[in-house]
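Remarks on the structure that follows.
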Amino acid sequence: MYNILTLNKIAAVGTTRFDSSKYTVGDAVENPTAIMVRSAKMHDMEFGSDLLAIARAGAGVNNIPVDKCAEAGICVFNTPGANANAVKELAICALLLSSRKITEAAAWAASLKGTPDAPKTVEGGKAKFAGPEILGKTLGIIGLGAIGGKIANAAVDLGMKVIGYDPFLSVNGALHLEPSVKVTADINDIYKESDYISIHVPYTPDTKNTIDAEQIAMMKDGVRLINLARGELINSEAVVKAIAEGKVAKYVTDFADDVVLGVENVIVLPHLGASTPESEDNCAVMAADELMDYIENGNIKNSVNYPNASMVANGTKICVLHKNIPAVIAKITSAVADAGLNIDNMVNASKKDYAYTMLDVAGDVTDAVAEKISAVEGIIKVRVIK
């Protein structure tokens with residue numbers, strides 16, 4: 001039996017995908033084979049030797065010690081694209097909220113309850129809540145992945161001009177963009193040309209404060225900023241200062257901190273980006289499928305610390321997580337050959353400092369063979385799947 005530990009409430013449509021004859025799933029299982037998590041903080045957790053994988057039912061993995069897991073041979077998965085439509089819809093909402101003073105107008109209207117002749121008061125006071133239309137305006141999007149690409153296309157449908165920046169834009173991603181979306185290789189074009197800017201990149205040390213005082217200084221006066229990705233991507237202090245100076249007209253963020261809360265012309269949402277039942281279901285299903293495919297077949301898809309790799313084997317699979325250093329593959333194959341076994345097929349892939357090798361082997365792979373491979377310098381974990 002495989003044990004799947006859930007650290008948060010995971011949608012049942014995902015957890016019920018595990019065959020109960022093979023898996024035990026719950027929030028109290030011991031010695032987990034894998035962990036499913038949403039927002040629970042895992043940096044201080046101790047991981048047992050049985051743990052093979054962690055699946056984040058969502059895109060961000062800041063709550064998971066990814067590097068520590070890589071060193072221990074624990075594959076960390078996320079679910080890119082599963083919540084893309086939910087975030088896209090909120091981003092379109094944020095565009096309108098940033099323009100039309102909708103939240104302020106609604107709050108003012110609500111404050112009139114119980115006052116005499118409220119309809120007349122409303123008509124007389126509505127002018128102070130006027131705001132521009134988005135039609136014909138330029139939206140700059142930083143990050144054209146699963147979410148950013150959908151937002152770009154939706155904005156085109158709404159009559160906006162769209163300019164996007166993404167140095168890692170895939171061929172598939174580019175093909176799915178509307179032809180009118182202008183893709184630039186210079187992120188400064190986003191800052192200089194946009195009336196609205198929406199950021200959709202992962203948070204890493206390199207992307208921290210992607211928008212700071214220096215970038216704001218390049219922007220048009222009255223620019224409107226949207227951050228539904230990660231709070232650390234935009235410097236809150238710099239934005240609040242720019243709002244006070246009139247440089248930034250509006251900031252909509254899905255991430256609350258004490259700097260932005262209660263500030264005029266800042267709309268703070270309580271991390272609603274993926275908070276739809278459809279998104280939670282999609283993430284749970286994808287996470288479950290990733291774990292089952294890895295546990296049962298050794299296939300990796302959507303890992304953040306190891307490369308994607310898959311194989312359909314006719315014999316026994318030997319799956320090896322190892323450092324991306326010279327001569328490791330030769331030593332792995334030598335260990336198999338020395339045991340008199342034939343390798344029918346092999347897949348190898350690398351991702352930065354780590355690599356993954358899968359062998360389809362004809363014959364009986366004994367514990368001694370696995371131990372010999374494990375003894376090779378740079379080997380992190382060896383699994384034999386029969």
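- Proximity of Val369 to Thr366: side-chain heavy atoms (C-beta onward) are separated by under 4.5 Å at one or more points.
- Not counting sequence neighbours, the partners of Lys386 by the side-chain contact (heavy atoms from CB on, under 4.5 Å) test are Thr316, Asp364, Val384.
- Closest approach of Glu237 and Val259 over heavy atoms only: OE2-CG2, 3.6 Å.
- Summarising the hydrophobic clusters (Ile, Leu, Val, Met, Phe, Trp, Tyr; side-chain heavy atoms under 4.5 Å, direct or chained), the residues clustered with Ile385 are none.
- Both Val223 and Val266 belong to a single network of hydrophobic side chains, linked directly or stepwise wherever heavy atoms of I, L, V, M, F, W or Y lie under 4.5 Å apart.
- For the pair Val37 and Asn63, the minimum side-chain heavy-atom distance is below 4.5 Å.
- With Leu144 as the fixed residue, the side chain to side chain contact (heavy atoms under 4.5 Å, CB included) test singles out one of Val201, Val162, Leu177: Leu177.
- Remark: Arg38 engages Glu280 in a side-chain hydrogen bond (donor to acceptor under 3.5 Å, both in side chains) (not counting sequence neighbours).
- Checking side-chain atoms of Asn324 against main-chain N and O of Asp353 turns up no donor-acceptor pair under 3.5 Å.
- Between Tyr294 and Phe77, the distance separating the two ring centers is shorter than 6.0 angstrom.
- Between Lys247 and Asp221 there is a salt bridge, since a side-chain N of the basic residue sits under 4.0 Å from a carboxylate O of the acidic one.
- Taken together through direct or relayed side-chain contacts under 4.5 Å among Ile, Leu, Val, Met, Phe, Trp and Tyr, Val252 and Val263 form parts of separate hydrophobic clusters.
- Residues Ile318 and Val382 form a side-chain contact, since some pair of their non-hydrogen atoms from C-beta on lies under 4.5 Å apart.
- For the side-chain hydrogen bond (donor to acceptor under 3.5 Å, both in side chains) with Asp195, the qualifying choice from Lys161, Lys220, Lys137 is Lys220, the only one to do so.
- Under the rule for a side-chain contact (heavy atoms from CB on, under 4.5 Å), the partners of Ala91 that lie at least two apart in sequence or sit in another chain are Ile151, Leu228.
- Scanning for ring pair (Phe, Tyr, Trp, His ring centres under 6.0 Å) contacts around Tyr306 gives Tyr354, with sequence neighbours left out.
- Leu269 is not connected to Tyr251 by any chain of hydrophobic side-chain contacts under 4.5 Å among Ile, Leu, Val, Met, Phe, Trp and Tyr, and they are in different clusters.
- In this structure Tyr356 satisfies the ring pair (Phe, Tyr, Trp, His ring centres under 6.0 Å) test with no other residue, sequence neighbours excluded.
- Side-chain contact check for Ile380 versus Glu71: every heavy-atom pair is 4.5 Å or farther apart.
- With Leu7 as the fixed residue, the side chain to side chain contact (heavy atoms under 4.5 Å, CB included) test singles out one of Asp27, Ile54, Ile35: Ile35.
- Judged by distance alone, the side chains of Asn85 and Glu89 do bring a donor and an acceptor atom under 3.5 Å apart.
- Connection of Met358 to Ile373 is not established within any shared hydrophobic cluster, with ILVMFWY side chains joined at heavy-atom distances below 4.5 Å, either directly or through further cluster members.
- The shortest distance between side-chain heavy atoms of Ile295 and Ile4 falls below 4.5 Å.
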Checklist entry - Going through the distances and angles, do Arg224 and Ser99 end up as a side-chain contact (heavy atoms from CB on, under 4.5 Å)? => result CA-CA 8 Å; Arg224 298 163 197 269; Ser99 283; 4.2 Å; yes

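- The minimum heavy-atom distance between Leu261 and Ala256, with the atom names listed, is CD2-CB, 4.0 Å.
- Remark: side-chain polar atoms of Ser170 are paired, donor with acceptor, to backbone N or O of Gly173 under 3.5 angstrom.
- Among all heavy-atom pairs drawn from His200 and Ala229, the shortest one is CA-CB, 4.0 Å.
- Listed for the Thr210 side chain is a donor-acceptor partner under 3.5 Å among the backbone atoms of Thr207.
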Next on the checklist: Apply side chain to side chain donor-acceptor pair (under 3.5 Å) to residues Asp186 and Thr184 and explain how you reach the verdict.
Outcome noted: CA-CA 5 Å; Asp186 186 353; Thr184 178; 5.9 Å; no

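- No side-chain donor-acceptor contact under 3.5 Å links Lys241 and Asn235.
- The shortest distance between side-chain heavy atoms of Lys317 and Val365 does not fall below 4.5 Å.
- Remark: Asn3 engages Thr24, Val29, Thr33 in a side-chain contact (heavy atoms from CB on, under 4.5 Å) (not counting sequence neighbours).
- Under the ring pair (Phe, Tyr, Trp, His ring centres under 6.0 Å) criterion, the residue pairs touching residues 126-184 are Trp108-Phe129, with sequence neighbours excluded.
- Through side-chain heavy atoms spaced under 4.5 Å, either directly or across other Ile, Leu, Val, Met, Phe, Trp or Tyr residues, Leu175 is tied to Val171.
- The existence of a salt bridge linking Lys22 and Glu296 is confirmed by a sub-4.0 Å separation between a basic side-chain nitrogen and an acidic carboxylate oxygen.
- Asn305 CG to Lys68 NZ: the interatomic distance, rounded to the nearest 0.5 Å, is 13.0 Å.
- Listed by chain and residue number, His271 satisfy the ring pair (Phe, Tyr, Trp, His ring centres under 6.0 Å) test with Phe255 (two or more places apart in sequence, or in another chain).
- Looking at Ser21 and Asp19, their side chains do bring a donor and an acceptor atom within 3.5 Å of each other.
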Show every donor-acceptor pair shorter than 3.5 Å between a side-chain atom in residues 327-346 and any protein atom, with sequence neighbours excluded, or say none if there are none.
unit_1	atom_1	unit_2	atom_2	d
Thr333	OG1	Ile329	O	3.2
Thr333	OG1	Ala330	O	2.9
Ser334	OG	Ala330	O	2.8
Asp338	OD2	Lys372	NZ	3.1
Asn342	ND2	Asp344	OD1	2.9

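- Residue Met286 comes nearest to Ala82 through the heavy atom pair CE-CB, 4.1 Å, listed as atom of the first residue, atom of the second, then distance.
- Without hydrogens or angle criteria, Asp360 side chain to Gly315 main chain gives a donor-acceptor distance under 3.5 Å.
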Checklist entry - So Met42 and Phe47, side-chain contact (heavy atoms from CB on, under 4.5 Å) or not? Walk me through it. => result CA-CA 10 Å; Met42 302 184 66; Phe47 301 131; 3.8 Å; yes

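- The minimum heavy-atom distance linking Gly81 with Ala146 is given by the pair CA-CB, 3.7 Å.
- In the displayed structure, Asp157 atom CG is contacted under 6.0 Å by more than 12 heavy atoms of other residues, nucleotides or ligands.
- With a 4.5 Å cut-off on side-chain heavy atoms, Val239 and Asn227 do not count as touching.
- Across Ala238 and Asp212, no two heavy atoms sit closer than the pair CB-OD1, 3.6 Å.
- Residues Asn282 and Thr79 are not in side-chain contact: their nearest non-hydrogen atoms beyond the backbone lie 4.5 Å or more apart.
- Not a single ring pair (Phe, Tyr, Trp, His ring centres under 6.0 Å) links Tyr196 to another residue, sequence neighbours left out.
- Atom CD of Glu133 is surrounded by 12 or fewer heavy atoms from other residues, nucleotides or ligands within 6.0 Å.
- Ile226 and Val87 fall within the same hydrophobic cluster, where Ile, Leu, Val, Met, Phe, Trp and Tyr residues are linked whenever their side-chain heavy atoms come under 4.5 Å apart, directly or through other members.
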